[in-house]
There are 2 protein chains.
Amino acid sequence: MTDVPEKKPSRIQTRNRRLILDSALDVFSRDGFGGATLDAIAKGAGLSKPNLLYYFEGKTEIYVTLLSQLLETWLDPLIELDPDGDPVEELLGYVRHKLDMALELPAESKLFAGEILQGAPVIAGYLKDDLKPLFDRKCVVIQDWIDTGRLAPVDPAHLIFSIWSTTQHYADFGTQVSALLDDKSPAKGAHNHLEQMFRRLLAPVNQ
Amino acid sequence: MTDVPEKKPSRIQTRNRRLILDSALDVFSRDGFGGATLDAIAKGAGLSKPNLLYYFEGKTEIYVTLLSQLLETWLDPLIELDPDGDPVEELLGYVRHKLDMALELPAESKLFAGEILQGAPVIAGYLKDDLKPLFDRKCVVIQDWIDTGRLAPVDPAHLIFSIWSTTQHYADFGTQVSALLDDKSPAKGAHNHLEQMFRRLLAPVNQ
DNA sequence: TCGTTGCTTTACCAAATGGTAAAAATTTGA
DNA sequence: TCAAATTTTTACCATTTGGTAAAGCAACGA
């Protein structure tokens, strides 16, 4: 009630905000926040710069909007780690899911990587207030799996870091991966390799 | 002989170029190429902007100089992978070395990451002409180790990607790592975890 | 049909930024 | 010590860039 009524957006608004965000994702992920320009974003969206600023208050608001939308979908797979599922399969499923996201949405991954690389100026609060609690809960779940003997003993936090880094690498360092692999697409090799690596790491020792 | 004689640099030149490059590493790794400004670099070096431009031809030359210096030291550990050493220990040593570099020189790692993230506009040629041949040679070495039964069968290229990504993660995503770990320094946990992970992956199955 | 609202364009602007010219100051070497 | 070479400063400049003002145009409801 203290808030503005906020009429629902018109068809034009929905379309143009979408166009702007799509273009902005391209530009920000390619040039970084500092290197991105409103002109480039406007051009990519097929709008004039003042027209773009009719829909967003400024460069920063576009960037923040992109990041917050991104963070929602980005964490879903981690949230879905099911404490009641089979530990190894749950974690391997998570690896697969993250790798697929990196391969299919590299721009999103790069946008996030760029933000963290620069010290998370925009999402520092999110890391502390939202990501950390979730991360801690999932570490407990993994530790439980270990304590009940269904998972090899690993450091849960560093395990998650390993999953994040190895999967996102195919997006964030995609330029390097492409330059080094003769194979056109790294998808199959990456899937096989990560499956093998994490299965060996996580499979509990038979006793 | 077609080149300029190039007198050796004076003491002042050596000192000031060092100051500039040190400051530039800070600024570029924090703000990215696009976000970095000559004013910020000059201020960090304790020089005026025109003075800075007396030593370097422009922003890009500073950036390129930093990257090329970086690439030299960065690849050393990979070059040193010894075909005649013990395969598992050679690779684990490489992991340790890379992790130490990431922990000790995070700015360098971030600078490189930012460059790749943006499509390697400056070092694309280097990737193709220098890194790729080295990478291919080392893949052959690893494949040899596998073929002679001294290493578990893994995809050499993706193995190297895994080593790079997991180790550099502690530098490039250091902000996130710090936000999520209660522990002050991730060094010990990271070393233990990566040692465990790659040992399990690489140890050949006893027959 | 007309007035209100929503969307777009044109024409700007101030600040920031990469870079330059040239004079002043300093260092160096004979 | 003094002239030549090197280094630093002062005073600029052109372009780019994020952003604004206001007029024009379009859509929509009464």
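Every chain is numbered from 1, with letters handed out A, B, ... down the list of sequences. Hydrogens, waters and symmetry mates are skipped; everything else that's a heavy atom, side chains included, is used. None of these values were measured; they are calculated from a predicted model.
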With sequence neighbours excluded, tell me which residues meet side chain to side chain donor-acceptor pair (under 3.5 Å) with B:Asp147.
B:Gln143
Carboxylate-amine/guanidinium proximity below 4.0 Å for B:Glu90 and B:Lys138:
no
Nucleotide D:dT17, atom C1' - distance to NZ of A:Lys49 in whole Å:
6 Å
Measure from the side-chain N and O atoms of B:Thr73 to the backbone N and O of B:Leu70, and report whether any donor-acceptor pair falls under 3.5 Å.
yes
Tabulate below the donor-acceptor pairs under 3.5 Å that side-chain atoms of residues 54-61 of chain B make, not counting sequence neighbours, or state none.
from    : atom 1 : to      : atom 2 : distance (Å)
B:Tyr55 : OH     : B:Asn16 : ND2    : 3.0
B:Lys59 : NZ     : B:Phe33 : O      : 2.9
B:Lys59 : NZ     : B:Ala36 : O      : 2.8
B:Glu61 : OE1    : B:Glu57 : N      : 2.6

Nearest whole angstrom, please: distance from the C1' of C:dT17 to the NZ of B:Lys43.
15 Å
Separation of A:Leu71 CG from A:Leu67 CG (nearest 0.5 Å):
6.0 Å
side-chain N/O B:Gln13 vs D:dT6 OP1/OP2, d < 4.0 Å:
no
Backbone N or O of A:Pro153 within a donor-acceptor pair of the B:Gln196 side chain at under 3.5 Å?
yes
Residues in side chain to side chain donor-acceptor pair (under 3.5 Å) with A:His169, at least two apart?
none
Not counting sequence neighbours, list each pair that qualifies as a side-chain hydrogen bond (donor to acceptor under 3.5 Å, both in side chains) and has a residue in residues 35-48 of chain B.
none
For A:Ile62 and D:dG19, what is the distance between atoms CD1 and C1' respectively, to the nearest whole Å?
12 Å
Can I get a per-line list of side-chain donor-acceptor pairs under 3.5 Å for residues 20-27 of chain A, giving both atom names and the distance, sequence neighbours left out?
from    : atom 1 : to      : atom 2 : distance (Å)
A:Asp22 : OD1    : A:Arg18 : NE     : 3.4
A:Ser23 : OG     : A:Ile41 : O      : 2.8

Expected list for residues 18-39 of chain B near DNA chain C, using heavy atoms below 4.0 Å, is B:Ala36, B:Thr37, B:Leu38
Scan residues 51-59 of chain A against DNA chain D and write down, sorted by residue number, each residue with any heavy atom closer than 4.0 Å; if none is found, say none.
A:Leu53, A:Gly58, A:Lys59
Atom-to-atom span, CG of B:Leu47 to C1' of D:dT9 - whole angstrom:
12 Å
Atom pairs under 3.5 Å: protein N/O with N/O of nucleotides 26-29 of chain D:
none

Near-ring test B:Tyr170/A:His158, centroid separation under 6.0 angstrom
yes
Distance-only donor-acceptor hits, side chain of residues 91-105 of chain A, under 3.5 Å, sequence neighbours excluded:
from     : atom 1 : to       : atom 2 : distance (Å)
A:Tyr94  : OH     : A:Trp164 : NE1    : 2.7
A:Arg96  : NH1    : A:Glu195 : OE1    : 3.3
A:Asp100 : OD1    : A:His191 : NE2    : 2.9

Quick note, A:Pro50 side chain, CB onward, closest among C:dG18, C:dC7, C:dT10 is C:dT10
Specify the separation, in whole Å, of atom CZ of A:Arg15 and atom P of C:dC7.
10 Å
Please list every donor-acceptor pair under 3.5 Å in which a side-chain atom of residues 126-136 of chain A meets a protein atom from a residue at least two apart or in another chain.
from     : atom 1 : to       : atom 2 : distance (Å)
A:Lys132 : NZ     : A:Asp136 : OD1    : 3.3
A:Lys132 : NZ     : A:Asp136 : OD2    : 2.7
A:Lys132 : NZ     : B:Asp182 : OD1    : 2.9

d(OH, B:Tyr63; C1', C:dG18) in whole Å:
17 Å
Going by atom type alone, with no hydrogens or angles, which donor-acceptor pairs under 3.5 Å involve a side-chain atom of residues 108-118 of chain B and a protein atom two or more places apart or on another chain?
from     : atom 1 : to       : atom 2 : distance (Å)
B:Ser109 : OG     : B:Asp172 : OD1    : 2.8
B:Glu115 : OE1    : B:Tyr63  : OH     : 2.6
B:Glu115 : OE2    : B:Val122 : N      : 2.7
B:Glu115 : OE2    : B:Ile123 : N      : 3.0
B:Gln118 : NE2    : A:Asp31  : O      : 3.4

B:Ile41 CD1 to C:dT17 C1', straight-line distance once rounded to whole Å
12 Å
For the side chain of A:Trp145 and the backbone of A:Pro83, is there at least one donor-acceptor N/O pair under 3.5 Å apart?
yes
Bend across the helix from C:dT1-D:dA30 to C:dA30-D:dT1, to 10°, with axes taken over 5 pairs at each end?
10°
